[in-house]
Amino acid sequence: MWDESPEGMGELAVETKNLVRIYRRKRSSQDSQERQVIALDGVNVEIPYGELFGLLGPNGAGKTTLIKILVTLLLPTSGTARVAGLDVVQQAYQVRELISMVSGGEHSGYGLLTVREQLWMFSQFYGLPTRLALARIDELLKIVGLYEERNRRVSDLSTGMRQKMNLVRGLLSDPLVFFLDEPTVGLDVSAARDIRAYIKEWIREKPGRTILLTTHYMQEAEELCDRVAIIHKGRIIACDSPAALRRSAASGSYFLLTTERLSEDGWLKEVPGVRRVDIRVLDGRTEIRLQVAEDGVIAEVVRALADRERKIYSLTKVEPSLEDVFMQLVGRRMEEADEGR
Amino acid sequence: MGVRAVRVSSERSLQRLWRTFAVAYWLGWQIESNWTDPLLFLIYSVIRPLGGVLILAVMFFVVARGARGPVLGFFVTGTAFWPFVVMAMQGMAMGVLADREHWKTLRYIYSAPISYRAYLVGRSLAQATSALAAMAITLLFGRWVLGIPLYFSTIRPLVLLPAFLLGIAGIVAMGLLITSALTWTSREAWRLPEAVGAALYLLCGVIFPTTVLPRGLQMLSMGIPLTWWLEAMRRGLLGEHALLSFPWASDARVLGTLAMLVAVWIIGAGFAFTCAEFRARALGILDQETGH
Ligand SMILES: Nc1ncnc2c1ncn2[C@@H]1O[C@H](COP(=O)(O)OP(=O)(O)OP(=O)(O)O)[C@@H](O)[C@H]1O
Ligand SMILES: [Mg+2]
């Protein structure tokens with residue numbers, strides 16, 4: 001439970017400094033030799049209040065590890081992490097009052113309880129009076145479209161329903177900082193869409209609410225997040241708004257022009273500022289793909305076309321996707337970078 | 001933007017402690033009594049303990065060749081109270097394992113602002129409650145069928161009641177210790193509570209007085225609160241007719257020793273649990289399934 005108020009709990013909802021986490025694992029039970037896995041390798045993240053922050057990265061990048069440290073389930077090997085200005089190691093209990101977490105892709109829940117019983121139980125761990133808790137549970141269940149199932153056993157729910165129930169569980173305590181670890185993984189399109197839609201709505205409802213979400217879906221990060229950090233092998237290799245990230249991969253952005261058929265196109269390369277031209281002819285029209293030094297150059301191209309009395313049917317600027325950004329930074333597509341490949 | 005947490009007053013956190021315990025107890029009981037078939041529940045909670053008593057009684061008569069009175073009383077009371085130990089210990093240790101591996105809720109419960117210990121005590125006592133039926137059945141059977149010397153006149157509530165409460169506290173401390181030990185043994189975790197239970201069964205004067213044990217083990221058994229608990233319970237129930245592990249000690253001495261040992265074990269278990277918790281967070285095994 002939390003209030004807005006001028007005096008602070010720090011300016012940042014989440015802040016990590018040089019966070020390192022190393023797992024030590026024995027190869028087998030008899031083996032004395034240990035294998036080290038560096039899951040986080042000096043992570044620095046700053047998330048201001050009110051932000052929907054995304055952590056995007058391939059399998060094994062360290063996303064879950066970072067979340068586990070922030071929700072006090074795991075201790076860092078070195079470095080510090082703060083949530084709402086509180087140290088996650090020294091002040092774990094106070095941190096827990098202000099956060100909650102939902103992980104996707106797992107069948108969590110006491111199968112023998114009903115949806116309502118299960119949610120009530122968790123509400124009690126946050127000290128909600130029963131009447132308030134039940135009212136809130138019903139309200140949230142209605143929002144995620146699970147109200148009809150409220151008296152069904154948790155074990156009878158489908159994967160999507162379970163995930164929605166877990167989302168409600170996470171929201172019951174009205175967390176200040178909400179951690180979502182791959183909330184839509186393994187869900188069908190419509191359930192995933194519902195969950196995304198509600199996440200967006202939830203964070204706007206009350207100023208200060210903050211979300212850290214991990215995903216390995218590019219579109220999810222683009223659609224939801226104010227800022228995205230790309231994490232790879234335990235390091236943050238880029239962090240900015242999706243638009244700025246895409247812009248940073250500027251070499252990837254290009255213009256697409258469709259014109260009346262051009263009989264001759266060699267002159268296009270001569271226009272100052274044009275870097276690369278690719279021409280395709282489609283149903284009697286010419287499609288020109290242009291990479292230019294800066295956006296202004298396109299005006300020159302248009303003028304030159306007008307001089308040659310060629311009609312322009314369309315002109316679009318195509319931005320690179322986050323996939324292109326990842327590709328440029330890592331040199332591989334994201335699914336190729338999954339651990340174990 | 002500045003945001004501030006609403007402080008939870010200490011009075012409310014005490015309330016929170018109680019509520020955590022109560023909810024955990026409720027959950028434990030839901031799990032324990034989750035019988036879709038009432039007949040199955042009856043068999044489990046009545047017939048099964050009865051069967052246990054019968055088997056033991058037959059064994060007893062074969063071994064003791066029909067001895068009655070104090071020896072039989074010793075035997076029946078030990079058998080009646082032992083399920084508390086097994087259930088409370090298992091309730092806690094298995095509760096953690098089941099939350100982690102089966103229900104997959106451990107990480108959400110652990111990362112809630114609760115005292116995880118209060119939660120565990122609740123789960124533990126919920127299971128122990130189911131031992132009440134076994135206890136009652138065993139005692140009634142012992143009294144009316146086997147004829148142990150248990151009468152209203154032999155019951156001493158001033159010994160029995162404090163002994164019972166102290167014993168429960170001691171059992172919970174044992175459970176906390178075993179649960180802590182689970183973080184060190186991930187592979188054989190499921191077997192640990194049972195193995196420890198079996199060792200304690202032989203050590204703590206459950207079916208034979210500890211005076212039978214070799215000297216070294218006798219000393220060991222005197223350091224375990226369960227031994228004193230059973231002794232105090234027998235004194236409280238059977239009065240003069242009780243066969244004793246510590247005939248030289250007065251009732252007050254037995255209760256005093258029990259209280260002291262329970263206190264020591266609670267502190268020790270609390271400490272062990274803190275270490276185990278730290279270790280679990282350091283290794284990242286709080287929500288890791290052993291199957292991994
Ligand atoms: N408990 C553990 N013991 C040993 N190694 C671990 C443990 N948990 C994670 N790892 C390793 O740490 C690295 C990071 O794992 P993490 O789960 O944080 O990745 P992730 O980005 O969440 O991946 P995914 O997309 O698959 O969920 C991986 O190499 C993983 O194998
Ligand atoms: Mg993960």
Side-chain angles (χ1 to χ4, degrees), chain A residues 1-11 13 21 23-24 29 39 48-50 65 68 71-75 77 84-86 89 92-103 106-113 117-118 120-122 124-127 154 166 169-170 173 176 207-208 210, chain B residues 1-9 12-13 15-24 26-28 30-36 98-100 102-116 118-119 122 185-188 277-289 292:
Chain A
M1 266 163 288
W2 52 286
D3 265 349
E4 286 168 69
S5 107
E7 87 259 40
M9 301 186 65
E11 286 300 304
R21 172 68 215 198
Y23 291 107
R24 282 166 223 283
S29 50
Y49 288 107
T65 302
K68 279 197 200 171
V71 302
T72 76
L73 286 174
L74 183 66
L75 297 176
T77 306
L86 302 160
V89 178
Y93 189 85
Q94 290 98 308
V95 169
R96 289 175 193 153
E97 294 262 10
L98 299 169
I99 59 161
S100 66
M101 182 215 357
V102 173
S103 306
E106 58 166 25
H107 264 252
S108 148
Y110 292 98
L112 53 96
L113 301 180
E117 283 172 338
Q118 149 111 350
W120 169 81
M121 188 189 98
F122 274 97
Q124 297 309 290
F125 293 151
Y126 292 84
V154 172
N166 276 325
R169 175 188 51 66
S173 61
L176 171 61
T210 309
Chain B
M1 152 130 6
V3 179
R4 180 177 55 102
V6 178
R7 286 272 155 259
V8 181
S9 73
R12 275 197 49 211
S13 41
Q15 204 184 326
R16 179 84 64 89
L17 211 64
W18 166 251
R19 217 196 290 205
T20 301
F21 166 80
V23 170
W26 173 83
L27 173 66
Q30 296 296 315
I31 294 172
E32 176 66 10
S33 62
N34 177 36
W35 299 98
T36 36
D99 279 3
R100 187 172 75 188
H102 186 62
W103 312 113
K104 309 201 190 310
T105 48
L106 180 63
R107 62 170 83 169
Y108 302 116
I109 292 169
Y110 188 81
S111 62
I114 57 167
S115 155
Y116 192 57
Y119 172 82
T185 54
S186 57
R187 282 186 201 286
E188 306 298 324
E277 220 179 328
F278 180 83
R279 193 181 135 87
R281 278 176 79 197
L283 292 181
I285 54 177
L286 263 170
D287 60 344
Q288 208 189 14
E289 289 145 49
H292 265 259

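Worth saying up front: this structure is predicted, and the values here are computed from it rather than measured. Naming convention: chains lettered A, B, ... in sequence-line order (proteins, then strands); numbering from 1 in each chain.
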* For Q124(A), is it the side chain, the backbone, both or neither that has a heavy atom under 4.5 Å from a heavy atom of chain B? -> both
* To do: Apply ring-ring contact (aromatic ring centres under 6.0 Å, His included) to F122(A) and list each qualifying residue two or more places apart in sequence or on a separate chain.
  => F125(A)
* Structure fact -> chain A shares the most heavy-atom pairs under 4.5 Å, among S115(B), A282(B), A24(B), with A282(B)
* For chain B, the option from R169(A), E117(A), Q118(A), M121(A) that forms the most heavy-atom pairs under 4.5 Å -> R169(A)
* Check whether more than 12 heavy atoms from other residues, nucleotides or ligands sit under 6.0 Å from atom OH of Y93(A), and answer yes or no. => yes
* Just checking, any donor-acceptor pair under 3.5 angstrom between side chains of T65(A) and Y23(A)? -> yes
* Asked: How long is the span from the CD1 atom in I285(B) to the CG atom in L74(A), to the nearest 0.5 Å?
  -> 11.0 Å
* What part of T77(A) gets closer than 4.5 Å to chain B, counting heavy atoms only: side chain, backbone, both or neither? -> neither
* Please round to the nearest 0.5 Å and tell me the distance separating atom CZ of R96(A) and atom CD1 of I114(B). => 8.5 Å
* Could you pull out all residues at least two apart from Y116(B) that satisfy ring-ring contact (aromatic ring centres under 6.0 Å, His included)? => Y110(B), Y119(B)
* Side chain, backbone, both or neither: which part of I109(B) has an atom under 4.5 Å from a heavy atom of chain A? -> both
* **Under 4.5 Å from any heavy atom of chain B - which part of A13(A)** => neither
* Structure fact -> Pair count under 4.5 Å, heavy atoms only, with chain B: among A92(A), G85(A), G50(A), S103(A), highest is S103(A)
* **Toward chain B, the part of V102(A) with a non-hydrogen atom under 4.5 Å** => backbone
